[in-house]
Every structure is written in structure tokens, then in C-alpha cells.
2 protein chains.
Amino acid sequence: MAENAADRGATSEGRPTRPDLAAMIVPLGRALVAAEQPILDAHGLTMWAYSVLLHLDETPIRTQAALAEAIRADKTRIIAVLDDLESRELIRRQPDPEDRRVRLLSLTAEGRRLRDAVQTAIQQGEERLLARLPAADRAGFLKGLQALSTLPELTRGRGPSAS
Amino acid sequence: MAENAADRGATSEGRPTRPDLAAMIVPLGRALVAAEQPILDAHGLTMWAYSVLLHLDETPIRTQAALAEAIRADKTRIIAVLDDLESRELIRRQPDPEDRRVRLLSLTAEGRRLRDAVQTAIQQGEERLLARLPAADRAGFLKGLQALSTLPELTRGRGPSAS
DNA sequence: TATTGTTATACTCTATAACTATA
DNA sequence: TATAGTTATAGAGTATAACAATA
């Protein structure tokens with residue numbers, strides 16, 4: 001209970017001792033996205049399209065609405081993205097024979113190849129950045145980041161609440 | 001040179017072993033901002049207004065354009081924000097006697113008081129999240145985050161390049 | 001003429017609402 | 001009638017361009 005202030009960030013005492021998390025994380029996120037952009041451009045992918053490829057690779061999915069929710073996008077927003085990916089034969093979008101309203105979504109072999117190429121390039125860029133951290137901090141940073149980004153109260157925070 | 005793959009994220013080998021940094025950091029940033037929102041609302045501040053208060057507190061600043069650049073906002077975007085903060089006497093905005101085109105910006109005592117109250121509340125919320133990390137990871141996470149967010153190639157990445 | 005701040009305009013992104021087809 | 005997907009419309013947020021004041 002009695003940890004020291006340097007560890008916890010002086011909360012109950014006077015002035016804070018570190019910048020707000022959001023003030024560090026949001027700009028960092030923007031910078032990472034900006035760094036990805038040239039790679040995505042080179043492969044003709046938008047961020048949303050890349051996000052779709054990433055998510056379909058993990059789990060083929062049954063409805064577009066479910067996919068949209070999984071990547072935290074509006075269902076109307078991914079339609080043009082799916083149109084494009086399908087026309088380039090990077091994904092399959094087939095009506096479910098058992099309920100022809102729903103579209104079964106999955107990745108093609110070509111789609112998986114592209115996804116791998118892009119992700120490898122992106123993570124190589126990221127590794128260049130991480131390499132500038134002391135090894136101990138880097139490991140802790142990654143562990144902490146992965147732990148935080150899987151906390152349910154963060155991941156689920158934004159659902160369509162009541163009604 | 002020969003660190004193992006678990007440490008570095010398998011870059012030159014097959015499939016990546018962790019999610020993309022951006023895929024973890026951007027949603028985390030969104031969640032943190034969403035968590036701040038009720039606190040800001042309670043004090044009648046927008047995120048941009050809070051950002052202005054934060055930055056002026058550290059260093060009183062000479063021109064609005066410089067402030068805008070510092071918080072990575074468009075110079076036209078902060079004008080309404082400054083109007084509001086000035087009318088509530090949270091900041092001062094005085095023409096510089098030596099060059100009456102420029103506005104000298106500084107925080108009032110009331111502005112500092114509000115800033116402290118809001119930041120304390122925000123960081124208390126953040127500490128609740130960080131408390132869920134193992135202590136070792138939390139320290140590494142914070143150190144790594146602070147190191148990354150002060151890297152110049154990230155902070156400066158988006159300047160109005162050439163011309 | 002160059003620069004600071006401001007206002008007015010246009011554009012991009014996103015969400016809401018209306019529509020089609022299946023059930 | 002309810003749901004999946006689509007299309008059309010409107011709104012928020014942002015940047016670009018034109019303007020006024022000062023140097």
C-alpha cells in the first residue's frame with residue numbers, strides 16, 4: 001500500500017511527476033501510423049483495409065457487421081474497403097447458403113501473402129524504433145503494452161451503451 | 001547482435017509474434033482519451049483547451065502560432081479555444097508592446113488551479129489502470145513510453161516538409 | 001513586402017437515416 | 001416483422017485560402 005511516489009506518480013500529493021499517459025500515447029500512435037503510411041501506400045492498402053486483412057487472417061468471420069465491430073469501425077465504413085479487397089481477390093465474400101443475407105468473409109492465399117509482406121515491413125520499422133530503448137525497458141514496455149491493450153475495460157469501453 | 005526472437009519480435013523469420021505496435025497503441029490512446037472525457041466535461045474543457053493549459057503551464061509562450069505548433073494543432077483551430085479560455089480568465093492574451101502583432105500567452109492563477117485539479121483527476125484514473133500491471137512491467141512500460149515519446153524522429157515527424 | 005492573427009470557405013472523415021433483399 | 005447489407009444524406013472536425021492589422 002505504501003509505495004513511493006516515484007513509482008506511482010504522485011497522485012495524492014502536489015503536482016504530477018510525469019506527463020499524462022494519453023499525452024504521450026496519442027502522439028506516439030499518430031507517429032507510428034504516419035510511419036506505416038508509406039508502406040501501406042506502396043501496397044495500395046488503406047489503414048482500414050490492412051486492419052481487415054489482419055483480422056480476417058486470425059479468424060474468418062461470418063458477417064460484415066461482426067467484422068466491423070471487431071476492428072471498431074462503422075459497418076457502413078468498411079463496405080467500400082471490402083469491395084476493393086474482393087475485386088483484387090485478396091478476400092472472399094460469399095453469401096452464406098444457409099442464410100443468404102449474411103456474407104462469409106475469408107482471406108485468399110494472395111491476401112495472406114500480402115498481409116504477411118506488409119506486416120513484416122511494418123514491424124521491421126517498429127523494431128528500428130524499439131531498438132533505441134534499453135533492452136530492459138523495451139521488454140517491460142512491450143509486456144506492459146500488451147497487458148494494457150488486452151484489458152477488457154479498455155478494449156470494450158466504447159460499445160453502443162444503453163437503449 | 002544475436003538476440004533471440006522472443007526479445008526482438010521475429011522480423012527476418014516467418015510470421016510476426018506480436019501485434020503491430022500501432023494496433024495496440026492507437027486503441028489504447030483512444031480508450032485513455034475516452035476515459036479523460038468525463039473529467040474534462042465536468043470542468044468545461046475540450047481536449048484542445050486542456051492541451052493549451054498544460055503547455056502554457058510549462059512555458060509561457062510568445063505567439064499563438066508557436067503554441068499551435070507545440071501542441072501539434074492548426075493555428076486556426078486554437079483561436080476559438082483561446083477565446084474561450086481568455087473569457088473565462090484562465091489565460092492571459094496580451095498584445096506584445098514591442099510588436100503589437102504578436103500575442104503574449106500565459107496562464108492565470110485560476111488557470112493553473114484548474115489545470116492542476118484536472119490533471120490530478122486524470123492521472124488518478126490512469127494510475128488505476130497502471131495498478132493492474134505487475135510492478136516491474138509498469139516501471140518498464142513508463143520508462144519505455146517516456147523514452148519513445150521524446151524521440152525526435154517521432155515528435156518532429158510531421159513538419160510541413162519542403163518548400 | 002512580410003508576418004501575426006482572424007475569418008470564411010472547402011474538404012475529409014465519420015455517423016445517421018433511408019432503402020433492398022432475404023428470412 | 002426483423003436482420004444483413006447497401007446507398008444516400010448530413011454532421012463534425014480539420015485544413016486551405018482569403019483578409020485585416022502591424023511591422
Side-chain angles (χ1 to χ4, degrees), chain A residues 26-27 29-30 33-34 36-37 40-41 45-52 56 60-87 91-106 157-163, chain B residues 26-27 29-30 33-34 36-37 40-41 45-52 56 60-87 91-106 157-163:
Chain A
V26 171
R30 273 199 251 274
V33 168
E36 286 186 11
Q37 201 60 61
L40 293 173
D41 290 348
L45 292 177
T46 65
M47 190 182 37
W48 287 117
Y50 178 56
S51 183
V52 165
L56 283 185
I61 234 173
R62 232 187 128 260
T63 76
Q64 297 183 183
L67 172 62
E69 192 191 347
I71 65 177
R72 311 189 82 78
D74 193 275
K75 68 171 179 171
T76 65
R77 200 158 63 191
I78 64 171
I79 291 180
V81 174
L82 296 178
D83 288 346
D84 174 60
L85 292 175
E86 186 187 21
S87 76
I91 66 169
R92 270 181 296 269
R93 175 159 65 160
Q94 305 157 322
D96 182 346
E98 304 199 350
D99 181 345
R100 302 228 308 282
R101 291 173 303 182
V102 331
R103 305 277 179 270
L104 301 174
L105 301 168
S106 59
R158 283 274 111 188
S161 55
S163 106
Chain B
V26 171
R30 273 198 251 275
V33 168
E36 287 186 12
Q37 202 61 60
L40 293 173
D41 290 348
L45 292 176
T46 65
M47 189 180 39
W48 287 117
Y50 177 56
S51 183
V52 165
L56 282 186
I61 233 172
R62 232 187 127 262
T63 76
Q64 296 183 183
L67 172 62
E69 191 191 348
I71 65 177
R72 310 189 82 78
D74 192 275
K75 68 171 178 172
T76 65
R77 199 159 63 192
I78 64 172
I79 290 180
V81 174
L82 297 178
D83 289 345
D84 174 60
L85 292 175
E86 187 187 19
S87 75
I91 65 169
R92 271 182 296 269
R93 177 160 63 161
Q94 305 157 322
D96 182 346
E98 303 200 350
D99 180 345
R100 301 227 309 281
R101 291 173 302 182
V102 331
R103 305 277 179 270
L104 301 175
L105 301 168
S106 59
R158 281 275 111 187
S161 53
S163 107

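Please read all numbers here as calculations on a predicted model, not as lab measurements. What you see below is based on every heavy atom in this structure, not just the backbone, and it leaves out hydrogens, waters and symmetry mates.
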Can you tell me if [X] touches the phosphate of [N], counting only side-chain N or O atoms and a distance under 4.0 Å to OP1 or OP2?
X: B:Arg77; N: D:dA15; answer: yes
X: A:Trp48; N: C:dT14; answer: yes
X: A:Arg100; N: C:dA21; answer: no
X: A:Arg93; N: D:dT6; answer: yes

So which nucleotide from [options] ends up closest to the side chain of [X]?
X: B:Ile79; options: C:dA2, C:dT6, D:dG5; answer: C:dT6
X: B:Val102; options: C:dG5, D:dT6, D:dT22; answer: C:dG5
X: A:Thr76; options: C:dT6, D:dT6, C:dT3; answer: D:dT6
X: A:Asp74; options: C:dA2, C:dG5, C:dA15; answer: C:dA15

Could you state the [atom1]-[atom2] distance from [X] to [N], rounded to the nearest angstrom?
X: A:Leu104; N: C:dT22; atom1: CG; atom2: C1'; result: 15 Å
X: B:Glu69; N: D:dA15; atom1: CD; atom2: P; result: 13 Å
X: B:Asp96; N: D:dA23; atom1: CG; atom2: P; result: 9 Å
X: B:Ile61; N: C:dT4; atom1: CD1; atom2: P; result: 13 Å
X: A:Lys75; N: D:dA8; atom1: NZ; atom2: C1'; result: 14 Å
X: A:Arg101; N: D:dA2; atom1: CZ; atom2: P; result: 13 Å
X: B:Gln64; N: D:dA21; atom1: CD; atom2: P; result: 16 Å
X: A:Asp99; N: D:dT3; atom1: CG; atom2: C1'; result: 8 Å

Side chains of [X] and [Y], heavy atoms from C-beta outward: is any pair under 4.5 Å?
X: A:Leu67; Y: A:Leu82; answer: yes
X: A:Arg101; Y: A:Thr63; answer: no
X: A:Leu105; Y: A:Val52; answer: no
X: B:Arg62; Y: B:Leu104; answer: yes
X: A:Asp84; Y: A:Thr46; answer: no

- Query: If you find the nucleotide of DNA chain C closest to B:Leu82 and the one closest to A:Ala73, which residue's nucleotide is nearer the 5' end?
  - Reply: B:Leu82

